[in-house]
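Heads up, the thing below is written out as structure tokens.
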Amino acid sequence: MPPVAPQPRPRLNIAFVLARRFTLSAYANFVDVLRLAADEGDRSRPILCRWAVIAPDRTPIPSSCGTRVEPDARPEDPAQYDYVVVIGGLIGAVQPLHPDLTAFLHRAAAAGVPLAGVCTGAFILAREGLMEGHRCCVSWFHHDDFLSEFDGLRPVSDQIFVVDGNRLSCSGGVSAAHLAAFVVDRHIGRAAARKSLAIMMIDGPQREDHPQPGLPLELSTDDPLVRRALLAMQQRLDSPPTVAALADLLGVGRRKLERHFSGALGLSPAEASVRIRLAQARMLLERTSRTVTQIADETGFCDASHLIRVFRDIEGQTPERWRQRLGETRDADQPAAIA
């Protein structure tokens with residue numbers, strides 16, 4: 001019997017640390033980009049890259065939806081990995097990592113292995129003091145949770161992922177796929193990254209400064225008060241607060257809030273709220289089959305007539321016509337069928 005040829009060293013080797021009740025979609029999106037980049041087509045052989053779930057024993061790790069993942073390896077030498085990726089779980093049900101896993105993370109940091117916090121994995125790294133001196137990306141939905149837990153760390157919540165030296169972080173969901181594509185591009189090549197996303201039916205690789213969904217580009221600002229206000233608006237799309245209620249929520253006077261909005265964006269808080277809700281309405285028109293009435297209800301407009309009137313003022317056409325023309329443009333961009 002001929003000897004078995006040794007496996008070639010992969011170009012990319014990643015260790016996953018999964019918190020109890022971790023977010024399954026974040027893990028699945030990240031690992032599927034690796035799977036598709038590792039081989040030709042979608043044959044899934046771990047040739048160009050490999051990955052392993054690290055845990056002290058073989059006990060399956062429960063995700064937030066109940067699905068369990070069985071570990072592959074123990075937390076031994078982190079230097080064999082190119083990255084250690086931490087996938088976090090539910091904010092309201094903090095489950096500390098096993099001491100062997102926290103020790104593994106600290107050894108990885110000491111060895112210079114890049115650490116990535118995915119979804120609320122950034123919270124885990126911050127609790128271990130491993131994000132000190134680094135910018136950290138969290139979802140806009142968890143921005144205030146991060147601020148309330150960590151003094152001196154300023155979360156980035158207006159872009160999908162952040163790469164700061166040997167620390168990487170992302171907001172979760174589809175952004176996990178884009179962060180994985182960034183890593184694949186760096187180690188295997190852009191073609192492999194694009195192929196993975198294409199097979200997953202995700203639009204091509206996004207830059208790290210691509211805005212998180214729900215925040216229009218024209219509302220980007222460095223003003224801390226305005227950013228907090230915008231995040232509060234995003235979290236209350238279906239029941240937008242009045243300017244007075246928003247000021248009370250933020251602990252400032254109404255006039256101060258209006259001055260900050262005027263100076264940072266040239267808009268009033270009410271105008272910014274409408275733009276955020278219209279951006280969400282456009283996204284729902286583009287990506288779902290919801291009716292205009294349903295979209296109006298989800299985005300805080302009084303009724304369909306209110307949404308139609310505001311939409312027409314901004315876009316110059318009704319929501320239904322906007323959706324129809326978008327579909328016509330897509331059909332025109334499709335290649336002609338071969339007879």
Side-chain angles (χ1 to χ4, degrees), residues 3-20 22-23 26-40 43-61 63 68-89 96-119 121-122 124-134 161-170 176-177 179-189 192-193 196:
V4 177
Q7 289 288 327
R9 188 182 185 330
R11 298 186 200 174
L12 179 60
N13 194 10
I14 290 184
F16 285 99
V17 172
L18 307 180
R20 285 183 60 81
F22 68 95
T23 306
Y27 169 67
N29 278 324
F30 202 110
V31 80
D32 239 18
V33 170
L34 302 181
R35 175 183 72 85
L36 293 166
D39 195 5
E40 298 175 351
R43 298 174 68 188
S44 302
R45 295 174 300 175
I47 298 172
L48 298 178
C49 58
R50 296 178 192 159
W51 53 94
V53 173
I54 307 300
D57 56 45
R58 304 288 287 193
T59 303
I61 305 165
S63 68
R68 295 170 180 266
V69 171
E70 184 173 313
D72 305 297
R74 294 182 181 276
E76 295 172 346
D77 178 19
Q80 65 184 295
Y81 301 104
D82 297 299
Y83 298 83
V84 175
V85 177
V86 182
I87 312 286
L97 292 180
H98 189 283
D100 290 354
L101 291 176
T102 57
F104 178 76
L105 293 179
H106 283 278
R107 292 200 309 274
V113 178
L115 303 178
V118 174
C119 194
I124 293 172
L125 294 177
R127 289 186 195 113
E128 292 300 318
L130 296 171
M131 293 303 296
E132 294 291 338
H134 294 278
F161 66 90
V162 167
V163 177
D164 189 2
N166 60 0
R167 296 292 184 274
L168 302 83
S169 50
C170 77
L179 178 58
F182 170 86
V183 172
V184 166
D185 186 343
R186 175 186 276 182
H187 292 267
I188 299 175
S196 293

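Remember, it's a predicted structure, so these values are computed and weren't measured experimentally.
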What pair of heavy atoms forms the shortest contact from [X] to [Y], and how long is it?
X      : Y      : value
Ala15  : Ile54  : CB-CG1, 3.7 Å
Ile61  : Phe22  : O-CE2, 3.6 Å
Ala176 : Ala26  : CB-O, 3.5 Å
Arg35  : Ser44  : NH1-OG, 2.7 Å
Ile188 : Arg11  : O-NH1, 3.2 Å
Leu125 : Ala116 : CD1-C, 3.9 Å

Side-chain contact, heavy-atom cut-off 4.5 Å: Leu168 with Phe161?
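Answer no - side chains too far apart.
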Could you go step by step and tell me if Leu115 and Val86 meet the side chain to side chain contact (heavy atoms under 4.5 Å, CB included) rule?
CA-CA 8 Å; Leu115 303 178; Val86 182; 5.9 Å; no
When Phe16 is tested against each of Phe30, Tyr83, Tyr81 for ring pair (Phe, Tyr, Trp, His ring centres under 6.0 Å), which residue passes?
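Only one option passes, and that is Phe30.
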Using modelled atom types only, decide if a donor and an acceptor are shared between the side chain of Arg58 and the backbone of Asp72 within a distance under 3.5 Å.
yes
Under a 3.5 Å distance rule, please check whether Arg45 uses its side chain to pair with a backbone N or O of Glu40 as donor and acceptor.
no
When rounded to the nearest 0.5 angstrom, what distance separates [atom1] in [X] from [atom2] in [Y]?
X      : Y      : atom1 : atom2 : answer
Leu34  : Ser196 : CG    : OG    : 8.0 Å
Ser169 : Met131 : OG    : CE    : 4.5 Å
Asp39  : Leu48  : CG    : CG    : 7.5 Å
Ile124 : Leu130 : CD1   : CG    : 11.0 Å
Leu12  : Arg50  : CG    : CZ    : 11.0 Å
Trp51  : Ile14  : CH2   : CD1   : 9.5 Å

Tested for side-chain contact (heavy atoms from CB on, under 4.5 Å) against Ile87, the lone hit among Val118, Val53, Val31 is Val118
Under 3.5 Å, which donor-acceptor pairs do the side chains of residues 97-112 form with other protein atoms, sequence neighbours left out?
{"residue": "His98", "atom": "ND1", "partner": "Asp100", "partner atom": "N", "Å": "2.9"}
{"residue": "Thr102", "atom": "OG1", "partner": "Pro99", "partner atom": "O", "Å": "2.9"}
{"residue": "His106", "atom": "NE2", "partner": "Glu128", "partner atom": "OE1", "Å": "2.9"}
{"residue": "Arg107", "atom": "NH2", "partner": "Pro75", "partner atom": "O", "Å": "3.0"}
{"residue": "Arg107", "atom": "NH2", "partner": "Glu76", "partner atom": "O", "Å": "2.6"}

